[in-house]
Novice: 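Here it is: the structure, laid out below.
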Amino acid sequence: MLFGWFQRLWRASFSMKDSETSQLQKGAAGWFLLATLGVSYVISGSFAGWNFGFAVTSWFGMMIAVALMGLMYFCLVLCLAEMSAALPSAAGGYRISRKVMGDTGGFATALAVLLEYSIAPAAIVIFIGQYLEALLGINGPVVYAVFYLLFIGVHLLGVGEALRFMLVVTAFAVLAIAITLITLGPHFSLANLVVADSTESAQQNLLAFDAVSVWAAFPFAMWLFLAVEGVPLAAEEANDPAVDLPRGIIGAMLFLLISAFLIVVFVPGAATSEEVGYYGAPLVDAIKHVLGEDSVLADFVNLVGLAGLTASFFSIIFGYSRLVFAMSREGYLPRFMSAISSRKVPHWALIIPGVIGFICSLTGKGELMINIAVIGATLSYALQSISYILLKRNHADLHRPYNAPGGQRTAYVTLALSLLALTSCFAYDVGAALIALGLMGLGVGYYVVLGRRA
């Protein structure tokens with residue numbers, strides 16, 4: 001009896017009196033801004049993280065891992081383009097999960113996405129601190145706090161202002177990547193891609209790989225694409241979701257595929273694949289390798305490289321705020337978190353996960369944070385691909401402005417590869433896996449005790 005009273009009190013205290021306050025600003029983004037948002041979600045992965053794959057596999061093995069993970073993301077993006085155009089919502093892909101798998105399936109999917117999007121900014125802000133330490137000698141909790149306060153503050157100004165700011169920052173990050181590739185191009189050599197002490201011929205060594213090492217490299221290859229699936233979270237703010245969402249997310253993915261393969265070829269091709277696997281800032285360190293430690297260009301790319309990290313940090317904050325807003329509005333989280341400010345911004349959905357992320361950043365363990373985020377991501381991909389399959393089977397009459405090529409076969413490719421990537425994450429870092437499972441358990445406990453819809 002006492003438990004039931006407390007449960008009713010909790011729900012009542014977080015209920016919204018006016019559902020009209022929970023409407024986002026429509027028409028704030030066209031397809032190009034949405035594509036830019038997709039690129040900005042991911043672009044920090046071009047500046048750090050992917051290169052650690054060379055510490056566990058050969059160059060050709062890493063190319064296979066990038067190709068397979070690129071295929072997984074491309075198939076996922078095609079499925080999300082169809083689902084989000086048919087059912088546009090700030091809930092993103094989990095709205096479809098809820099439609100086809102019920103409240104529990106919808107919550108499980110949303111929780112996995114939330115794990116990815118709430119933890120990833122903590123990892124990125126730690127990397128930002130490391131870049132600032134190299135440039136200015138400053139790092140630590142004060143840096144983390146300043147970045148969280150600054151970028152959440154920009155988001156609070158309004159979605160239009162936030163997306164335009166993100167466009168500018170992403171442009172600088174793309175410029176840094178282009179400068180790096182142009183600089184490294186003349187220094188490219190196939191000999192840099194082979195293992196120096198191998199007894200095999202150069203051609204045999206170049207194409208050498210083993211399946212286990214490719215599997216181990218999946219989490220690092222994912223870093224070149226991680227979070228592009230967040231574009232549908234801006235569905236309610238798109239000009240024409242049925243048209244803009246498919247164009248935006250597919251356009252972003254095509255750009256990321258091209259940039260990923262150029263980076264994985266030219267950076268190790270100029271600086272050797274063995275060395276790249278241990279670089280802290282692979283683009284900057286590769287330029288120093290070919291031009292010298294005192295290279296002004298390397299310092300410039302290092303400075304502009306901050307734009308790549310801040311672009312992802314900024315845009316993932318946007319993504320988690322829309323996800324939390326949607327989960328709150330649908331009863332999965334306390335109702336007050338779907339409140340909207342006078343600028344049509346979900347302020348509590350921005351602030352509360354930001355506080356949690358800042359606390360996580362105080363660990364200073366960026367690699368641990370990103371491994372937790374990757375586990376949440378791969379689990380969400382499996383659940384969203386299952387949702388797509390069920391939607392095609394059980395709701396064939398649903399109007400679909402866009403149809404994914406391959407239909408259910410495309411989703412099955414996503415499902416198989418996401419499960420392989422998930423097992424790779426668990427094998428690589430058991431500690432991160434246990435933490436991720438613990439956080440998911442807490443979320444499920446909340447849902448069972450307090451958050452389950454009547």
Novice: Closer than 3.5 angstrom, by distance alone: can the side chain of Thr410 be matched with the main-chain N or O of Pro405 as a donor-acceptor pair?
Specialist: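 Yes, because the side chain of Thr410 sits within donor-acceptor range (under 3.5 Å) of the backbone of Pro405.
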
Novice: Which atom names give the shortest non-hydrogen contact between Leu193 and Ser273, and what distance separates them?
Specialist: O-OG, 3.5 Å

Novice: How many angstroms lie between OG in Ser295 and NE2 in His289, if you round to the nearest 0.5 Å?
Specialist: 13.0 Å

Novice: Please tabulate, for the side chains in residues 175-192, all donor-acceptor contacts under 3.5 angstrom to protein atoms that are two or more places apart in sequence or on a different chain.
Specialist:
unit_1, atom_1, unit_2, atom_2, d
Thr180, OG1, Ala176, O, 2.8
Thr183, OG1, Ile179, O, 2.7
Ser189, OG, Ala191, N, 3.2
Asn192, ND2, Gly269, O, 2.7

Novice: Looking only at the side chains, is there a donor atom on one of Glu275 and Tyr279 sitting less than 3.5 Å from an acceptor on the other?
Specialist: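 Yes.
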
Novice: Between Asn302 and Ala298 (side chain of the first, backbone of the second, donor and acceptor by atom type, cut-off under 3.5 Å), is there such a pair?
Specialist: no

Novice: Would you say the ring centers of Tyr278 and Phe54 fall short of 6.0 Å from each other?
Specialist: no

Novice: If you compare all heavy atoms of Pro219 against all heavy atoms of Ala216, which two are closest, and at what distance to 0.1 Å?
Specialist: CD-O, 3.3 Å

Novice: List the atom pairs, with distances to 0.1 Å, where a side-chain N or O of residues 225-234 and a protein N or O form a donor-acceptor pair under 3.5 Å, not counting sequence neighbours.
Specialist:
unit_1, atom_1, unit_2, atom_2, d
Glu229, OE1, Ala227, N, 3.2
Glu229, OE1, Tyr381, OH, 3.1
Glu229, OE2, Tyr381, OH, 3.0

Novice: Scan Thr423, Asp210, Thr57 and name whichever one has a side chain to side chain donor-acceptor pair (under 3.5 Å) with Trp215.
Specialist: Thr423

Novice: Got Met337 and Pro346 here, is their nearest side-chain heavy-atom distance under 4.5 Å?
Specialist: no

Novice: How many angstroms lie between CG in Asp299 and CD in Glu293, if you round to the nearest 0.5 Å?
Specialist: 10.0 Å

Novice: Which donor-acceptor pairs under 3.5 Å do side chains of residues 348-366 form with protein atoms, sequence neighbours excluded?
Specialist:
unit_1, atom_1, unit_2, atom_2, d
Ser361, OG, Phe358, O, 2.5
Thr363, OG1, Cys360, O, 2.8
Thr363, OG1, Lys365, N, 3.3

Novice: Please check: side-chain N/O of Ser387 versus main-chain N/O of Ile96, any donor-acceptor pairing under 3.5 Å?
Specialist: no

Novice: Within the side chain of Thr378, is there an N or O that forms a donor-acceptor pair under 3.5 Å with the backbone of Val374?
Specialist: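 Yes; judged by distance alone, with no hydrogens or angles, the pair exists.
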
Novice: Are Leu417 and Tyr73 close enough that some pair of their side-chain heavy atoms sits under 4.5 Å apart?
Specialist: no

Novice: Out of curiosity, Arg322 CZ to Arg329 CZ, how far, rounded to the nearest 0.5 Å?
Specialist: 11.5 Å

Novice: Looking only at heavy atoms, what is the nearest atom pair of Ala286 and Val267, with distance?
Specialist: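 Shortest heavy-atom contact: CB-CG1, 3.8 Å.
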
Novice: Could you walk me through whether Asn51 and Phe220 satisfy the side-chain contact (heavy atoms from CB on, under 4.5 Å) test, starting with their C-alpha distance in whole Å, then the side-chain angles of each, then the deciding distance to 0.1 Å, before giving a yes or no?
Specialist: CA-CA 7 Å; Asn51 57 300; Phe220 308 107; over 6 Å; no

Novice: Quick one: does Leu132's side chain get under 4.5 Å of Asn139's, heavy atoms only?
Specialist: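 Of all side-chain heavy-atom pairs linking Asn139 with Leu132, none is under 4.5 Å.
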
Novice: Let me see the working for Leu306 and Phe172 under side-chain contact (heavy atoms from CB on, under 4.5 Å), right down to the final yes or no.
Specialist: CA-CA 9 Å; Leu306 277 170; Phe172 277 107; over 6 Å; no

Novice: To the nearest 0.5 Å, what is the distance between OH on Tyr402 and OG on Ser84?
Specialist: 10.0 Å

Novice: State, with a plain yes or no, whether a side-chain heavy atom of Ile249 is found less than 4.5 Å away from one of Leu34.
Specialist: no

Novice: Can you sort out the partners of Arg400 under salt bridge (Lys or Arg N to Asp or Glu O under 4.0 Å), two or more places apart, ordered by chain and number?
Specialist: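 Expected list: Glu82.
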
Novice: Are side-chain heavy atoms of Leu439 and Ile435 found at a separation under 4.5 Å?
Specialist: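 SC-SC contact between Leu439 and Ile435 confirmed.
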
Novice: Anything under 3.5 Å between a donor and an acceptor, one on a side chain of residues 120-127, the other on a protein residue two or more places apart or in another chain? List them.
Specialist:
none

Novice: Under 3.5 Å, is there a donor on one side chain and an acceptor on the other for Ser315 and Ser40?
Specialist: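 Indeed, the side chains of Ser315 and Ser40 share at least one donor-acceptor pair under 3.5 Å.
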
Novice: Is there a donor-acceptor pair under 3.5 Å between the side chain of Ser321 and the backbone N or O of Phe318?
Specialist: yes

Novice: For Phe314, which of Val154, Val169, Leu150 qualifies under side chain to side chain contact (heavy atoms under 4.5 Å, CB included)?
Specialist: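 Output: one option passes, namely Val154.
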
Novice: Where the side chain of Ser380 meets the backbone of Val113, is there a donor-acceptor pair that is under 3.5 Å apart?
Specialist: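 Checked: no pair found.
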
Novice: Taking all heavy atoms of Gly376 and all of Glu116, pick out the closest pair and write down the distance.
Specialist: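 Closest approach of Gly376 to Glu116: C-CB, 4.4 Å.
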
Novice: Measure the spacing between CG of Leu114 and CG of Leu333 and express it to the nearest 0.5 Å.
Specialist: 7.0 Å

Novice: Where is the tightest heavy-atom contact between Ala85 and Pro246, given as atom of each residue plus distance?
Specialist: CB-CG, 3.8 Å

Novice: Do the side chains of Val194 and Trp59 get nearer than 4.5 Å, heavy atoms only?
Specialist: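 No. Closest side-chain heavy atoms not under 4.5 Å.
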
Novice: Are side-chain heavy atoms of Met69 and Leu420 found at a separation under 4.5 Å?
Specialist: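 A side-chain contact is absent here, since even the closest heavy-atom pair is not under 4.5 Å.
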
Novice: When you look at Thr109 and Ser97, which way does the side-chain hydrogen bond (donor to acceptor under 3.5 Å, both in side chains) test go after all the steps?
Specialist: CA-CA 7 Å; Thr109 305; Ser97 297; 3.2 Å; yes

Novice: Between Phe147 and Phe151, what is the ring plane arrangement, given parallel below 30°, perpendicular above 60°, and tilted in between?
Specialist: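 Aromatic pair Phe147/Phe151 classed tilted.
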
Novice: For the pair Ile152 and Leu156, evaluate side-chain contact (heavy atoms from CB on, under 4.5 Å) and give the outcome as yes or no after the intermediate values.
Specialist: CA-CA 6 Å; Ile152 289 176; Leu156 291 172; 4.2 Å; yes

Novice: For Val276 and Pro268, work out which heavy atoms get closest and say how close.
Specialist: CG2-CA, 3.7 Å

Novice: Judged by atom type as modelled, is there a donor-acceptor pair below 3.5 Å linking the side chain of Ser312 to the main-chain atoms of Leu309?
Specialist: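 Not a single qualifying donor-acceptor pair exists.
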
Novice: Cut-off 3.5 Å, no hydrogens considered: what does the side-chain donor-acceptor table look like for residues 258-265, sequence neighbours left out?
Specialist:
unit_1, atom_1, unit_2, atom_2, d
Ser259, OG, Phe255, O, 3.3
Ser259, OG, Leu256, O, 3.1

Novice: Using 0.5 Å steps for rounding, measure from the CG atom of Leu111 to the OH atom of Tyr332.
Specialist: 11.0 Å

